Amino acid sequence: MDSKFNVSLEAAKLLKEKGYDRECVAYYQHERFHPYSINIFGLKTYNKNDAPPYMEQYSAPTKDEAVDWLESKGMCIIVFRRTIDNKVEWRYVIHGHTEIISGFQTRLEAKDAAIIKACKLLENGN
């Protein structure tokens, strides 16, 4: 599993703060990315956000899983590419909440930034 498809640690912390409660395979623990949750029976998915605070664990969903969850909370994220004078950049907009934010080098970078911004706009427990 490649961590570039999962949310950043900053996004994972914000998702936990905002109530993200879906099961994930990947997680962060003590600021280190772990691509798999494994027990003696094999691969395991569960909500790492339920861990006690001293364990410093955060579920690390894929960016698409996070976008889907945010959409269920009313945050519609759109990431798109724009080319001007042969220069490609990526942008995002959160429908009804922000202006178009641009200047990202990759789609995944723009998507993670959009997730962070949407979490900051989301009311706790919404």
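We're numbering straight along the sequence, starting at 1. Values in this document were obtained by computation on a predicted structure and should not be read as measured data.
- The minimum heavy-atom distance linking D112 with V7 is given by the pair OD1-CA, 3.4 Å.
- Counting all heavy atoms, side chain and backbone alike, A60 lies closest to N6 at O-ND2, 2.7 Å.
- Nearest heavy-atom pair, E31 versus K13, reported as atom, atom and distance to 0.1 Å: OE2-NZ, 4.1 Å.
- Ring planes of Y20 and W69: perpendicular class, angle over 60° (limits at 30 and 60°).
- In this structure, the side-chain contact (heavy atoms from CB on, under 4.5 Å) partners of D68, at least two apart in sequence or on a different chain, are R22.
- Separation of the Y58 and Y28 ring centroids does not fall under the 6.0 Å cut-off.
- Within the structure, ring pair (Phe, Tyr, Trp, His ring centres under 6.0 Å) contacts touching residues 70-95 (residues at least two apart or in different chains) are Y92-F104.
- Side-chain heavy atoms closer than 4.5 Å link hydrophobic residues (I, L, V, M, F, W, Y) into clusters, and following such links, even through other members, never connects L14 to L70.
- For the pair T106 (side chain) and E109 (backbone), a donor-acceptor distance under 3.5 Å is present.
- Between I94 and M75, the shortest heavy-atom distance links the atoms CG2-SD, 3.9 Å.
- When side chains are defined from C-beta on, R107 does not count as touching R81, because their heavy atoms never get closer than 4.5 Å.
- Between R91 and E89 there is a salt bridge, since a side-chain N of the basic residue sits under 4.0 Å from a carboxylate O of the acidic one.
- Proximity of I101 to K117: side-chain heavy atoms (C-beta onward) are nowhere separated by under 4.5 Å.
- The number of heavy atoms from other shown groups lying within 6.0 Å of NZ (K63) is above 12.
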